[in-house]
Every structure is written in structure tokens, then in C-alpha cells.
Amino acid sequence: MTDILDAADASAPVTLDEIPREPTQDGPKVRLYLIDGSGFIFRAFHALPPLTRKSDGLPIGAVSGFCNMLWKLLVDMKASDEAPTHLAVVFDKSEQTFRKDLYADYKAHRPPPPEDLVPQFPLVREATRAFGVPCLELSGYEADDLIAAYACKVRDLGGEVVIVSSDKDLMQLVGPQVSMLDTMKNVKIGPEQVVEKFGVPPEKVVDVQALCGDSVDNVPGAPGIGIKTASALILEYGDIDTLLARAGEIKQQKRRETLINFADQIRLSRELVRLDCDTPLPEPIDSLAVQEPGPELAAFLEDMGFRTLARRITDAKSGAGAPATPTAEAKAPARPQHGAIDVNAYQCVRDVETLDAWIARARTAGIVAFDTETDALSSASAELCGVSLAVAPGEACYIPVGHQHESDGGLDFEAKEHLEQIPCEEVIARLKPLLEDPSVLKVAQNAKYDMAVLSRYGIEVGPIEDTMLISFVLEGGLHKSHGMDELSKRWLEHEPISFKTVAGTGKGQKSFKHVALSEATCYAAEDSDVTLRLYEHLRPRLAHEGLLGVYETVERPMPKVLADMELAGVKVDPEQLRILSNDFSVRMAELETKAHELAGRPFNLGSPKQIGEILFAEMGLSSGKKTATGAMSTDASLLEDLAAQGHELPRTLLDWRQLSKLKGTYTDNLIEAISPKTGRVHTSFSLAAATTGRLASSDPNLQNIPIRTEEGRKIRRAFIAEPGHVLISADYSQIELRLLAHIGDIPQLKRAFAEGLDIHAMTASEMFGVPVEGMPAETRRRAKAINFGIVYGISAFGLSNQLSIPREEASAYIKTYFERFPGIRSYMDRMQQQVRAEAFVTTIFGRKVHIPAARGKSQAERSFADRAAINAPIQGAAADVIRRAMIRMPGALEKAGLQARMLLQVHDELVFEAPEAEADRVIEVAKQVMERAAEPAISLSVPLVVEARAAANWDDAH
DNA sequence: ACACTCACG
DNA sequence: GACGTACGTGAGTGTA
């Protein structure tokens, strides 16, 4: 049997006795992990639904959660390159501690633990021991004190300590050898994070906590002083004693009085929060050496009935002995290839000679990572504050161009930093040849943004690569975000300075141009440095993993295309929207009055909770349907049902909701979104949001402008063209079903598309054996719903819901469908097999879509993965097709001598703006490019068909 | 911060 | 046969 908990390095077991003789020269000999047991228990208890043991009904939810968390932690720790040599779980022993003697009300407000949890405390200790992990506890002391004592001891002996907890009270212990690990958020807490939280370094945390107190533990502190004030005071005066001694000097009267009057209470609070390193150690450190679980673990899990975990542990043990697979090797975080990142090593460039020197270095290197700093988020309006460059790992600079002092409201005698900078035009003029030089490769993180900003300064950056897109191509679906901070933490094991730390947060956030140059240099140059390092790390994997083609053809060209679309924006008529908004307001008020009358009392129509109370409790209507959390659902389909039964209030609510949605989400916000600079609306397209490769649009989202209802279409009519111009909408007809026909190789579908038949009618005809001529509309509607359902990974439940038919009937439809189209069944089976084996699927263009849920614990999760695996190759191929069209479009329009511009993409639709006279030719070019977009990569066995129309507004162009 | 609802493909 | 249920998004509001 392989040792699960074996340390990563295979060095012989080390005892603490060796430490004093051989302190730290060869790296830490002891790395002790201290797990905050109480924290784990409460998290496990609250995160999980109540669970009882089958045999006797004993509550074991928290035990189960605790075991899973502990196991995961053990596995993760072992895999990390900071594997523990020693390990223990620390528990609170008793309520009565020395702090209660100091202050009777300490933790007085804390409610007793839930009844269900109490019997689980001893079980959790038993579980810990079963895992081969020692439990530490001591009468009269809290877990925190024991953690402190062990941490101090190991630290003083030259070892390392990792405290697994998110409790802020433990942050005072953090230091060069002591860190914390928050396993929920999966973040490491070092001195930097402590400063972020408390505004002071770890050694001052106690002083800050003494001042601000803690309502949870009922530590009094000083009334009216919060964390902000506390850290400011401590930073100024150094510590509590000095502060209290000099309290009389404080200018603010109230604060001065508080400090003087509550001096004793503050000193007491300090004693309450200070952790005692002199707490006796119940066990010698040597006895905490990591050991593998014995046979009692299996027995314990069996006894509890934790079958899944038991199986996982057995699997891990049998698998761990085998040599690492190549994939596992490729995924293992590689060691950073360069030295550590030192933010103080960067240069601030403020004269032309230095700038030219950096530009020369970039040319010699042939590669430069860069990043723009601006004063706003929208690339269409943001002003440049500076540019950073990195020419090699660790060699980076920041060139400020727009930094200013914050406008001073009064007299300020502090010496102001000199803000002499190279004039912006000068910097732009010198950077332009470099950034446009075809022989120098540029690298950026989210290049689209920087390209859009610089384009407004006359620079067309190229050639360029994008680390965010490289990450997305490699690992799309594996992570929520491909932002730089995450990538840096993941691959470089380095946490970059957060924007919040330099610019502040909330309404006190300052524009980047007001950030001091020294700080701005650290932050900005670090971004370029990190980007370059990420590029060097990630880029080789593209070829290695067969993803270079996807990256080069459908990812890398996109930032330029999208930057131009975003900068172009779309014209929206604010007058029309204002009229609509007023109209909606009036009608909403009428509906509200009516709803209140029908309900017999006033209520908030926007509150699902109140609606539920009125409809179900007061009016006694039946609902049945519940939301995910068990609350009564009041969604549209349910209200529709009730309205159909003849009730008036649901109808009124539906009407109000529609208007409320339209007004709140569209009319009012679209007016605000109009840029004062351009008079147009500039969305932001995200390339790395949807795992299938679809784009996403935000700020504002222009991919969900209403179209399905008449009222909604009025909003679409406010999207217009410049005078003398038209909007052109070109959309793929049935692209997903066509791609399914090709991918799944379905003869009937292919034939129907080749002959240009009505695909839904054809489906209905095949399924129900009725001729297309004279087919009832309802029959076709059902077939249409089935076709959509197929693309989504159909289920009887989903279809019955969609069509409001009994599940048995839906089931029968699906059965018939699979009989008529057996190819679809086999496509679905193939995707399910693939995703269960590999946890990813690919599109015909080679895009890889990771679906980690396929490895999920629950059946439900895996079923979800199956459906996603059926959908992703279809949705993803459609996304690839339209990307290919978009990439070719600007060139095709230009080649045809047209001025038309592409403005928007809505998944299967492209929107253009063109001079009226060009309309017909633009339609011709757009159709051709779009219909041939799959070529030459893929020769589709079905035709792609595009319908296009020109009109004065977006609605009429459909 | 999260749940709910709803706009789109 | 059990399991929760159609796939992919972004945004506003209410509620804790």
C-alpha cells in the first residue's frame, strides 16, 4: 500500500531533535500543518443538508463533511510542493477558558451549538484519529491558543507552519515562517493578505483588534472605532500603549474621549485577543509526524456508512503507486522558471532617453509584454494613464503619461511628489513604431482592451498574442475565470498586487492617474512582468496539446475584430427610449393599483416572496412548483397557468413584470449607456466567458435585447443607424441543427436541409406520420420543441415542462424520435462516453471544452455533464463558425470597397451599419462570408444558410 | 452575497 | 434504476 500522506520529497523522516543542530540552511526540516478543527466542523455542518446514519438515525452530516474536507486537504497537501512533515487537528476543549476569568462576557453572545451537532463532536475526533491525524486539545484553552503555541515553537526552532483556517483571530501569528490557508476560498494568507484585511502587518493585528473589538466573540474594544480608524491610529502611534499614553494629542474630540475613557477596556480587549505562545503543549511535536491511516479508517467509514468516500480513498491508494500518467504530469503546476517576482525592481520611466533604451531592449528581445493603465473600465472612453513594458522576466518598467495630483480642496503643506513625466504624445510617438513593428511580438493579457485604448491614440498594435486566450484554449471550462491574478497564482505561485490595494475600494477608490508613481510602477510593471512569464509558461502547451490551430484560427485574431466593433458602438435613439420609459411607467402604476385592489392590500410587486404570500397563503391558489431553495415559485410559467385558470391577479402581475423588466433593464439603462463622447452605446464582448466559445456581451449586454414580444420589440426599434445609413442583420438559419446533422451524420436531416425543407415540419412528419401539407400548427410546434431539446441533451422532464404535457407523453415522443433518427441516439451516446472517459469534448474545429462535472460526485452532476457534453460540440461548432466569419468579414468588406462596419454579434447573427447605397452589396458579401465560414477547415455535409435584411432599425432588419 | 426572475441565442 | 432536469449567457431587484 502506498503512503497517502507521504511528503513530496522522499527524504528520510525527520525528527524535531535535529532542528536546533541544523536550522534552516537546507530549507525547513519541519513543516507543520495545524488544522482548525472547530472551523472545519462548523463549515461542514452549515454547508451540508442534515444527514443521518441509516442504521440508527444518528446525525452525521457534519462528520461526513468533515471527513470529505479532511481527505481533500490531505490529498491536496500531498500533491503540493509544500507537503507537511507534521500534522494535527486542533480542537476547543471547554467553554471555561482563562479569557472568561479575565472577562465574564467573553463569547457570551454565542449561542449554544445546534442540537444536531453536539453528538457529532466526539465522532469528528474519532474520524480525525482514524485518518491517522493526531487531535490536540487542552482544558482551559481555546484551539487558537494551542495553534499559537505550536506555531511559535516550530517557528522558533526554524521550521514552517501552515495554519488551515480562515479565522481572522489567527492572523496575528502570520510571519515569514507562518502562513495560513483558507481551504474554502483556496487562498494562502501571508503577511500581504493580513495587511489587506487589517491595514497593518501581522505583529500589529492584536493592537488593531483591541481597538475595534469583535462582536462575534463579544470583545468590547473601543466603541465607535472600526477597523479603518483602528489601523490608522496604530500606524500612526505604533501600538496601544503609546496610543493610550498620547491619546490627549488626538484632534477629533470624540475619538480622543473614547480612547481616554475606555483605556482599560481597550487593554483588556488586547488581552482577550492576544494568543498565548506559552500555552503548554499537550503533545511533543515529534508525535505529530505525518503517518498514513491504518485499517481503522476503513472500519470507521464503514461504520458511518460513508461508502463514496471509502471508495475514493481505496481508489486513490491503488492508483497512487502507478507511475504518473503524462496528462497528470502536464497538468501538474510546473515550477516557476525564473526567479521570484520582485515588484521593487521595476523602473519608472520619466525621460525620453530611458524610454528609448527600453524600446531598444524590446527590439533586441523581439518580444515585449505590455499593459495599459487607464482611468476607466470602458475601452471606448478610458484615458491613458501609462504603459508598462516587460522585455524579460523581472525586467519591466512603467511609463506614466497622465498622472496628476488629486485636486486639492485646501491648503496642503505636505511635499508633493514631483510628477514630471514624458508628455503623452511623445510616449505615443515613440511606442507606436515598436507596438506596430511586425518583427516584434507583443504579448498582453486581455489584449482586446489594450488594443481598443491604443487604437484611440492612433496605434494599431500587432502582431499580438493574448495570455488570457491561451489559457482559455487550454483550460476553458476548468476555471471560472482566466484573469491575470488567477493565472499568476495558478502558474507562477505569485499573487500580484491587487488593484484595490493601489487604488482603494468602494467610493473612496481613486483613479489610477492619482496613484503615486512609485506604487503605480510596482503595480503596472508587475502586470507586464507576470504576463510575459505566463506567456512563456503557457504558450508551449498549445502545440504540445494540439490546440495551436484553434488558438491561431479562432482565438488570436478576435481581439482586433472585437476591439473595432466595441469602438464603433451602435446608435441608440434616447428620445424613443424616454417615450417608452414614460409609457411603461404610467402603465405600471395602473397595474400596480389594480394588483393591490385584487390582493386586497398593498404589497411590493417586485418581491417574489410577497407575491407568494398573497397568492398561496392569502388567496389559497395552488402552486405545487417550488424553487431550488424550496420557496414557492412565482415564475412566469406558473403565473401563466394560474392566469389560464381564470385568476386575474396573476395576469396583472405578468403584465407588470414584463413592463418592469423592460423599463428597468432596457429603456432607462440604455439611455445611460450612451457615451457622451460618441453618442453611441459601446458594449464589451468577452472572449473567455462561455466555455463553448460563444461570446458574451456586458456593460451593457447587447445580446439580450428583447425581440420575442411586441412590447419588447419597441426597444429594439430604438437601435438605429446614422443618417443616410442602414442597419443590416444577417443571421444563420438553424445553424445548430445543421451542425448536428453534419456532426451526427443524420441522413434524414441532411437531406431535408439540402432540399431546403421546413425542418420542424419534416421532423413532425417523420415522427407522427402526418404529411407536411396541412399539418396542424401544434404538431409542428411540438416537433420544434423536440429539435431544440435534442440540442440541449433532451430529457423527458425538460420536454414535458417546455410543452406542458405529461412526462409519459414526452417520454414517448423522445422514444419515437430516437427510433426515427437513430443517428442522434448514437451521437449522444458517443458524447456521453467521451465525457465520462476524458472530462472534455471537442468541436469539429478542434476546440476543447472541459466539463469537470463529469468527474463529479453525484449522479446529478454527472447527468448534467452528459447533457453539457451533448450540447457543447454543437453550440461550440456554431460559435467557431461565426468567429471564422467575423475574422474574415472586415477584409472582405474592404476588398469589396465597402465602408460598412460590423457592430454586433448575437451568437448566430451579425449586425452591420452601412451607407444606404451599400446595403445590397453588404448583404451579398456578408452572406457569402458567413455561408462559407466553415471552409476550408471543414467541408460541411449540409449547407449553411444566412438570411439578411437592411432597415432603418434593428427590429425591422429582422 | 445570494436567490429569484427574465431578457437573449 | 436513481438522480434532478433541458444548453449557454448578463442584469436587476429583493432579502438576508
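Letters A, B, ... mirror the listed sequences (proteins, then strands); counts begin at 1.
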Open item on the list: Quick check on C:dG14: is either OP1 or OP2 less than 4.0 Å from any side-chain nitrogen or oxygen of A:N604?
Closed with: yes
Open item on the list: Taking only side-chain N and O atoms of A:N669, does any of them lie within less than 4.0 angstrom of OP1 or OP2 on C:dG12?
Closed with: yes
- [ ] May I ask you to say what A:A785 touches in the nucleic acid, namely base, sugar-phosphate or nothing, with a heavy-atom cut-off under 4.0 Å?
- [x] base
Open item on the list: What's the closest nucleotide to the side chain of A:F864 if the choices are C:dG12, B:dT5, C:dC7?
Closed with: C:dC7
Task: Sequence neighbours excluded, every pair satisfying salt bridge (charged side-chain N to carboxylate O under 4.0 Å, His left out) that has a member inside residues 789-813 of chain A - done: A:R782-A:E809
TODO: Would you please confirm or rule out a distance under 4.0 Å between OP1 or OP2 of C:dC7 and any side-chain N or O of A:R867?
DONE: yes
Open item on the list: Taking only side-chain N and O atoms of A:S607, does any of them lie within less than 4.0 angstrom of OP1 or OP2 on C:dT15?
Closed with: yes
Open item on the list: Work out how far the P atom of B:dA3 is from that of C:dT5, and round it to whole angstrom.
Closed with: 14 Å
Open item on the list: Work out how far the P atom of B:dC4 is from that of C:dA6, and round it to whole angstrom.
Closed with: 13 Å
TODO: Would you confirm whether A:R949, through its side chain, and A:H958, through its main-chain N or O, come within 3.5 Å as a donor-acceptor pair?
DONE: yes
Open item on the list: In this structure, how many angstroms lie between the C1' atom of B:dC4 and the NZ atom of A:K626, rounded?
Closed with: 16 Å
Open item on the list: C:dA11, OP1 or OP2 - any side-chain N/O from A:K661 closer than 4.0 Å?
Closed with: no
Open item on the list: If only side-chain N and O atoms count, and only distance matters, is there a donor-acceptor pair under 3.5 Å linking A:S675 with A:S381?
Closed with: no
Open item on the list: Taking the six-membered ring for Trp, are A:Y817 and A:Y813 closer than 6.0 Å centroid to centroid?
Closed with: no
TODO: Using only side-chain N and O atoms of A:R708, determine if any of them is under 4.0 Å from OP1 or OP2 of B:dC8.
DONE: yes
Task: salt bridge (charged side-chain N to carboxylate O under 4.0 Å, His left out) involving A:E819 - partner list, sequence neighbours excluded - done: A:K815
TODO: Check the distance between C:dT15's P and A:I611's CD1 and give it to me in whole angstrom.
DONE: 10 Å
TODO: In whole angstrom, give the distance that lies between atom CD of A:E736 and atom P of C:dG8.
DONE: 12 Å
TODO: State the dot-bracket string of DNA chain C. Criteria: Watson-Crick or G-U wobble, both atom distances under 3.5 angstrom; notation: ( ) intrastrand, [ ] crossing earlier pairs, | interstrand, . unpaired.
DONE: ......|||||||||.
TODO: Under 4.0 Å between any heavy atoms, over every strand shown, what does A:N801 touch: base, sugar-phosphate, or nothing? Just pick one.
DONE: nothing
Open item on the list: So, OP1 or OP2 of C:dG4: does either fall under 4.0 Å of a side-chain N or O from A:S863?
Closed with: no
Task: Distance-only polar pair, side chains of A:K626 and A:S633, donor-acceptor under 3.5 Å - done: no
Task: Flag for A:Q875-A:T692: side-chain donor and acceptor within less than 3.5 Å - done: yes
TODO: May I ask you to say what A:V791 touches in the nucleic acid, namely base, sugar-phosphate or nothing, with a heavy-atom cut-off under 4.0 Å?
DONE: nothing
